[in-house]
Chemist: 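Quick one: this structure, given as structure tokens, is what I'll be asking you about.
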Amino acid sequence: MSHENDRERLVEVLSRSDRVHRASVLEAIGTVPRHEFVPDNQTQQAYHDRPLPIGHGQTISAPHMVAIMTDRLALSPEDRVLEIGTGCGYHAAVVAEIVDTPVYSVEYQAELAESAQQRLDRLGYDVTVTTGDGRDGWPEHAPYDAAYLTCATPELPDPVIEQLATGGRIVAPVGTRRQQLIVAEKEADGSLTRRTDGYVQFVPMRG
Ligand code: SAH
């Protein structure tokens, strides 16, 4: 089954909400085979707009959350992107549909990192996954035009901010008990201009 109709319906639902503005994001959601990223017993639910378990106590975010976060990254095709928290690799695949450069992703849990890398390779996505603590970012491939975290952090990690280019964007769930989505841009003097974009619920960052 190609699930093309399921994806079309999902894109319709997302475009009716007024929270996703960029056509490139909707197009990417309409293209990435989410059913390939969820456990076999979850493929029927793959195109419902809700989070799903992916094992190891982790979840794949709901499609609307992936879409909103990707939207706020304001990506251009030439942008270099860092992801913290690969999970099953779905969000990275959505980003890889939009940019022409390799996407770099750091995952804490080795088994998740390995299976995500295999899956992304098999599906032909140019994403490089490494096992590590995302709080250190991934200095080798910096600077990044955009970075995002898919796990909640009490504060934006300084190394990730440092690895952002001037004008670079960072999107992350920030907070402990209550989390807010933070969208920030790095200014020429190295400071961040931040805004919040609603309350969210993500698994906490580990390590
Ligand atoms: N974007 C993912 C969602 C992943 S859920 C997807 O599309 O599937 C959050 C992920 O962050 C989990 O896989 C978790 O293992 C990972 N994570 C938690 N703490 C981390 C850390 N310190 N560094 C890197 N990844 C971390």
Chemist: Is it the case that one hydrophobic cluster holds both I60 and L14, taking links as side-chain heavy atoms less than 4.5 Å apart, direct or via other members?
Modeler: yes

Chemist: Could you check L75, V103, L73 and say which one makes a side chain to side chain contact (heavy atoms under 4.5 Å, CB included) with I98?
Modeler: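 Exactly one pass, corresponding to L75.
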
Chemist: From R19 CZ over to D71 CG, what is the distance, rounded to the nearest 0.5 angstrom?
Modeler: 10.0 Å

Chemist: Would a single hydrophobic cluster contain both I84 and L181, if residues Ile, Leu, Val, Met, Phe, Trp and Tyr are joined by side-chain heavy-atom contacts under 4.5 Å?
Modeler: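 Result: no, two separate clusters.
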
Chemist: Evaluate E187 against T193 for side-chain hydrogen bond (donor to acceptor under 3.5 Å, both in side chains), listing each step before the verdict.
Modeler: CA-CA 7 Å; E187 305 295 342; T193 303; 2.4 Å; yes

Chemist: Is the backbone N or O of T176 less than 3.5 Å from a side-chain atom of R178, with the two atoms forming a donor-acceptor pair by type?
Modeler: no

Chemist: Considering only heavy atoms from C-beta outward, does the side chain of R122 approach that of R119 to under 4.5 Å?
Modeler: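 Result yes, sub-4.5 Å side-chain heavy-atom pair found.
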
Chemist: I'd like to check T59 versus L52 (side-chain heavy atoms, cut-off strictly below 4.5 Å). Are they in contact?
Modeler: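 T59 does not reach L52 side chain to side chain.
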
Chemist: Could you tell me whether the side chain of P173 reaches within less than 4.5 Å of the side chain of L149, counting heavy atoms only?
Modeler: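 L149 vs P173: side chains touch.
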
Chemist: Let me check something: any side-chain donor-acceptor pairs from residues 86-94 under 3.5 Å, sequence neighbours excluded? List them with distances.
Modeler:
{"from": "T86", "atom 1": "OG1", "to": "S105", "atom 2": "OG", "distance (Å)": "2.7"}
{"from": "H91", "atom 1": "NE2", "to": "T70", "atom 2": "OG1", "distance (Å)": "2.9"}

Chemist: State, with a plain yes or no, whether a side-chain heavy atom of Y104 is found less than 4.5 Å away from one of T130.
Modeler: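 Answer no - side chains too far apart.
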
Chemist: Please identify each residue that fulfils salt bridge (Lys or Arg N to Asp or Glu O under 4.0 Å) with E12, with sequence neighbours left out.
Modeler: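 Result, salt bridge (Lys or Arg N to Asp or Glu O under 4.0 Å) vs E12: R16.
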
Chemist: Ignoring hydrogens, what is the shortest heavy-atom contact between A147 and V160? Give both atom names and the distance.
Modeler: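 Heavy atoms of A147 and V160 come nearest at CB-CG1, 4.0 Å.
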
Chemist: When you group the ILVMFWY residues by side-chain heavy-atom contacts below 4.5 Å and let the links chain together, are V106 and L112 in the same group?
Modeler: no

Chemist: Using the test salt bridge (Lys or Arg N to Asp or Glu O under 4.0 Å), find all partners of R135 that sit at least two apart in sequence or belong to another chain.
Modeler: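 Salt bridge (Lys or Arg N to Asp or Glu O under 4.0 Å) check on R135 returns D133.
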
Chemist: What's the shortest heavy-atom distance between A165 and D145, and which atoms?
Modeler: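 Where A165 meets D145 most closely, the heavy atoms are CB-OD1, 4.1 Å.
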
Chemist: Could you tell me how the ring of Y47 sits relative to the ring of H35: parallel (under 30°), tilted (30 to 60°) or perpendicular (over 60°)?
Modeler: tilted

Chemist: Please output the side-chain donor-acceptor pairs of residues 195-207 that fall under 3.5 Å, not counting sequence neighbours, one pair per line with the distance.
Modeler:
{"from": "D197", "atom 1": "OD2", "to": "R72", "atom 2": "NE", "distance (Å)": "2.5"}
{"from": "D197", "atom 1": "OD2", "to": "R72", "atom 2": "NH2", "distance (Å)": "3.3"}
{"from": "R206", "atom 1": "NH1", "to": "Q109", "atom 2": "OE1", "distance (Å)": "3.2"}
{"from": "R206", "atom 1": "NH2", "to": "Q109", "atom 2": "OE1", "distance (Å)": "3.1"}

Chemist: Do I161 and V183 sit in one hydrophobic cluster, given that two such residues count as connected whenever their side-chain heavy atoms are within less than 4.5 Å of each other, even indirectly?
Modeler: no

Chemist: On a heavy-atom basis, which atom in V66 and which in I29 lie closest, and how many Å separate them?
Modeler: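 What the structure gives for the nearest pair is CG1-CD1, 4.4 Å.
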
Chemist: Any side-chain heavy atom of T101 sitting closer than 4.5 Å to one from D79?
Modeler: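 No. Closest side-chain heavy atoms not under 4.5 Å.
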
Chemist: Looking only at non-hydrogen atoms, find the nearest pair between A67 and V25 and report the distance.
Modeler: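 Reported closest heavy-atom pair: O-CG1, 3.5 Å.
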
Chemist: Within a 6.0 Å radius of atom CG on D40, are there more than 12 heavy atoms belonging to other residues, nucleotides or ligands?
Modeler: no

Chemist: Quick one: does V95's side chain get under 4.5 Å of E83's, heavy atoms only?
Modeler: no

Chemist: Decide side chain to side chain contact (heavy atoms under 4.5 Å, CB included) for Q117 and E114; before the verdict, give the C-alpha distance in whole Å, the side-chain angles of both, and the deciding distance to 0.1 Å.
Modeler: CA-CA 5 Å; Q117 182 73 76; E114 276 158 33; 5.8 Å; no

Chemist: With sequence neighbours excluded, what pairs up with R34 under the salt bridge (Lys or Arg N to Asp or Glu O under 4.0 Å) test?
Modeler: none

Chemist: Between Y148 and L164, is there a shared hydrophobic cluster once you connect ILVMFWY residues whose side-chain heavy atoms come closer than 4.5 Å?
Modeler: no

Chemist: Which heavy atom of A184 sits nearest a heavy atom of L192, and at what distance?
Modeler: CB-CD1, 4.1 Å

Chemist: So how far is it from D6 CG to Q45 CD, rounded to the nearest 0.5 Å?
Modeler: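 Taking CG in D6 and CD in Q45, the distance rounds to 11.0 Å.
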
Chemist: Might you point out which heavy atoms bring A62 and D49 nearest each other, and give the distance in Å?
Modeler: CB-OD1, 3.7 Å

Chemist: How long is the gap from CD on Q58 to CD on E111, to the nearest 0.5 Å?
Modeler: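 Output value for this atom pair is 11.5 Å.
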
Chemist: When rounded to the nearest 0.5 angstrom, what is the spacing between OG1 in T150 and CD in E107?
Modeler: 7.5 Å

Chemist: What is the distance from atom CZ of R50 to atom OG of S61, rounded to the nearest 0.5 Å?
Modeler: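 Reported value, rounded in 0.5 Å steps: 14.5 Å.
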
Chemist: Check whether any side-chain N or O of R7 sits under 3.5 Å from a backbone N or O of G30 as a donor-acceptor pair, and report yes or no.
Modeler: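 Between the backbone of G30 and the side chain of R7 there is a qualifying donor-acceptor contact (under 3.5 Å).
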
Chemist: Nearest 0.5 Å please: distance from the CG atom of N5 over to the CG atom of L10.
Modeler: 12.5 Å

Chemist: Would you please name every residue forming a salt bridge (Lys or Arg N to Asp or Glu O under 4.0 Å) with E97, sequence neighbours left out?
Modeler: none

Chemist: Should R194 and L156 count as side-chain neighbours, where that means a heavy-atom distance under 4.5 Å?
Modeler: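 They are in contact (side-chain heavy atoms under 4.5 Å apart), so the answer is yes.
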
